[in-house]
Q: 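Just passing along the structure, written as structure tokens.
Please read all numbers here as calculations on a predicted model, not as lab measurements. Protein chains get the first letters and strands the later ones, always in sequence-line order, with residue 1 at the start of each.
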Protein chains: 2
Amino acid sequence: MRNMSDIIEQYLKQMIAESKNEVVEIKRAQIAEKFDCVPSQLNYVIKTRFTNELGYIVESKRGGGGYIRITKIETHKKADYLEHLLNLIGDGLSQTNAMHIIQSMYDAEVISFREAKIIDTVIARETLMIGLPKRDIVRAQILRNIIEVILYEE
Amino acid sequence: MRNMSDIIEQYLKQMIAESKNEVVEIKRAQIAEKFDCVPSQLNYVIKTRFTNELGYIVESKRGGGGYIRITKIETHKKADYLEHLLNLIGDGLSQTNAMHIIQSMYDAEVISFREAKIIDTVIARETLMIGLPKRDIVRAQILRNIIEVILYEE
DNA sequence: ACAATCTTGACTAATTTTAATCAAATAAGT
DNA sequence: ACTTATTTGATTAAAATTAGTCAAGATTGT
């Protein structure tokens, strides 16, 4: 790791990853001490690496018993969204509907463009060389499983 | 070896060759010191010998802990590799063989870890709820199509 | 001699680190 | 309760640490 800010960033992200609810709560001075840097460096790291843009909410309190709390929200939202999609998919799924769902996932930035293309290909009727009604059932099963992979990663 | 730029070029290429992932990461000032030249000479060498044209990607960061990272990308090799995999896949494909291919693709850095997991899921017999021998045929078809998506992108 | 390439250094830009000062919340003393 | 002191985070600005650009001068090849 190249510099102190990166190290602290990694440390905090690790804490969030290990946490139950995508949250970490720290005492600024304590972390500064741990990494042997000035306290305000924590503010710098937070301001440059835990922005709202990147899906973090930062709350803090001063005074005795003060703290800084960093919450990662995007994953929650994404999880909710993916759960929603899972509910949407019934026993069967047409190619058109599947493609709409894939497009939606791409728009929601849950999957990359390449992943979208891969999944599109997988659920195409030309790829699944099976007759109806079985084809729609397999397609639903495939997409459900893919969503679960994304949902339960990390 | 006639001049400093050539020497530095050779040095960097040597580093890349010895590296695990066709990457070298340097500190500009440090290399300049090592070869007793001005730092900006590194920029010259990189600009003239590690161009995108020649298959290199250069990334950098300034400030404390800054760096210059040069990555060699072997697009041709990857294409050859993927073609090879396509030839490998016959009319049918067992889950075990498919998983080996997926692992290989991940090792070759042709797919990401997440993509590997997605594809693993898709080709699992639990996902493809079809009986043999049809299942192996569909699996082969799916993997072939996925590889083609990756092969013919961009 | 001419053209292309290389070397050098001054200046610029980005990023990180550090310190000083400010503001808010709590704790303590009266 | 009220005032004061202490603790703790926020903000800002300065300094330090890198890398990038550009252009003038030097060297080399033809």
Side-chain angles (χ1 to χ4, degrees), chain A residues 1-16 19 21-73, chain B residues 1-16 19 21-73:
Chain A
M1 205 59 51
R2 324 173 208 309
N3 57 49
M4 195 47 59
S5 290
D6 284 343
I7 292 169
I8 295 170
E9 174 192 2
Q10 280 315 112
Y11 175 77
L12 293 176
K13 287 190 171 166
Q14 181 68 27
M15 297 291 281
I16 291 173
S19 75
N21 287 41
E22 307 289 298
V23 182
V24 65
E25 191 170 306
I26 59 169
K27 296 189 90 57
R28 190 179 76 153
Q30 184 185 306
I31 302 294
E33 168 110 24
K34 180 184 180 76
F35 290 101
D36 194 30
C37 67
V38 295
S40 61
Q41 181 139 17
L42 269 295
N43 297 94
Y44 174 72
V45 171
I46 287 164
K47 189 172 267 173
T48 54
R49 293 154 161 83
F50 293 88
T51 63
N52 212 302
E53 271 280 287
L54 296 170
Y56 294 93
I57 286 178
V58 180
E59 300 155 287
S60 62
K61 206 174 77 172
R62 307 182 187 189
Y67 60 85
I68 300 176
R69 179 166 51 229
I70 306 172
T71 311
K72 178 131 178 66
I73 44 166
Chain B
M1 202 117 351
R2 307 187 291 312
N3 56 47
M4 193 52 39
S5 290
D6 284 343
I7 292 169
I8 294 170
E9 174 192 1
Q10 281 315 112
Y11 175 77
L12 293 176
K13 288 189 170 165
Q14 181 68 27
M15 297 290 281
I16 292 172
S19 75
N21 288 38
E22 304 290 295
V23 182
V24 65
E25 190 170 307
I26 59 168
K27 295 187 94 56
R28 189 179 77 155
Q30 185 185 304
I31 301 295
E33 168 111 25
K34 181 183 179 78
F35 291 101
D36 194 31
C37 66
V38 293
S40 62
Q41 180 137 18
L42 269 295
N43 296 94
Y44 175 73
V45 172
I46 287 164
K47 189 172 268 171
T48 54
R49 293 153 161 85
F50 294 88
T51 63
N52 213 301
E53 274 279 288
L54 296 169
Y56 294 93
I57 287 176
V58 180
E59 300 156 288
S60 63
K61 203 172 87 171
R62 307 182 190 190
Y67 60 85
I68 299 176
R69 179 166 50 230
I70 306 172
T71 310
K72 176 122 180 78
I73 43 172

Q: Roughly how many Å is it from CD1 in A:Ile26 to C1' in D:dA10, rounded to a whole number?
A: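 From A:Ile26 CD1 to D:dA10 C1': 13 Å.
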
Q: Kindly write out the residues that satisfy salt bridge (charged side-chain N to carboxylate O under 4.0 Å, His left out) with A:Lys72, not counting sequence neighbours, or none if the list is empty.
A: A:Glu74

Q: Output the distance between atom CG (A:Leu12) and atom CZ (A:Phe50), rounded to the nearest 0.5 Å.
A: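 So the CG of A:Leu12 and the CZ of A:Phe50 are separated by 4.5 Å.
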
Q: Counting only side-chain nitrogens and oxygens, does B:Gln41 get under 4.0 Å of the OP1 or OP2 atom of C:dT8?
A: yes

Q: Using whole Å, report how far CG of B:Asn3 lies from P of C:dT5.
A: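 B:Asn3 atom CG is separated from C:dT5 atom P by 12 Å.
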
Q: Kindly say if A:Arg49 contacts the phosphate of C:dT16, meaning a side-chain N or O under 4.0 Å from OP1 or OP2.
A: yes

Q: Are more than 12 heavy atoms from other residues, nucleotides or ligands located less than 6.0 Å from atom CD of A:Glu33?
A: no

Q: Whole-Å distance between D:dG9 C1' and A:Ile70 CD1?
A: 13 Å

Q: Specify the separation, in whole Å, of atom CD of A:Gln30 and atom P of D:dT8.
A: 10 Å

Q: So, taking the atom named CG in B:Asn52 and the one named CD1 in B:Ile73, what distance separates them when rounded to the nearest 0.5 Å?
A: 6.0 Å

Q: Looking at every strand, decide which applies to B:Thr48 at a 4.0 Å heavy-atom threshold: base, sugar-phosphate, or nothing.
A: nothing

Q: Between B:Arg28 and A:Tyr44, which residue's closest nucleotide on DNA chain D lies nearer the 5′ terminus?
A: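 The residue mapped nearer the 5' terminus is A:Tyr44.
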
Q: Indicate, with a heavy-atom threshold strictly under 4.0 Å, whether A:Leu42 touches base, sugar-phosphate, or nothing.
A: nothing

Q: Say you draw a straight line from OG of A:Ser19 to NZ of A:Lys13; how long is it, rounded to the nearest 0.5 Å?
A: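 It comes to 14.0 Å.
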
Q: Can you measure A:Lys47 atom NZ to C:dT17 atom P for me and round it to whole angstrom units?
A: 16 Å

Q: Considering all heavy atoms of both residues, which atom of B:Met4 and which atom of B:Cys37 are nearest to each other, and what is their separation?
A: CG-CB, 4.3 Å

Q: Just how far, in rounded Å, is P of D:dT11 from CD1 of A:Ile68?
A: 10 Å

Q: According to a strict under-4.0 Å criterion, is A:Ser40 in side-chain N/O contact with OP1 or OP2 of D:dT12?
A: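 For D:dT12, OP1/OP2 do not have a side-chain N/O of A:Ser40 under 4.0 Å.
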
Q: From C:dT17, C:dT18, D:dG20, pick the nucleotide closest to the side chain of A:Val38?
A: C:dT18

Q: Got a sec? Which of residues 54-64 of chain B come in under 4.0 Å of DNA chain C, heavy atoms?
A: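 B:Lys61, B:Arg62, B:Gly63, B:Gly64, in order of number.
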
Q: Expressed as a whole number of angstroms, how long is the span from B:Asn43:CG to D:dA23:P?
A: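 Result: 15 Å.
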
Q: Mapping B:Met4 and A:Val45 to their closest nucleotides on DNA chain C, which lands nearer the 5' end?
A: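 This one resolves to B:Met4.
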
Q: As an exercise, state the distance from OG of B:Ser40 to CD1 of B:Ile46, rounded to the nearest 0.5 Å.
A: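 The OG atom of B:Ser40 sits 11.0 Å away from the CD1 atom of B:Ile46.
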
Q: Which whole-number value in Å describes the distance from B:Gln10 CD to C:dC6 P?
A: 13 Å

Q: Among D:dT18, D:dA10, C:dT18, find the nucleotide with the atom closest to the side chain of B:Lys27.
A: D:dT18

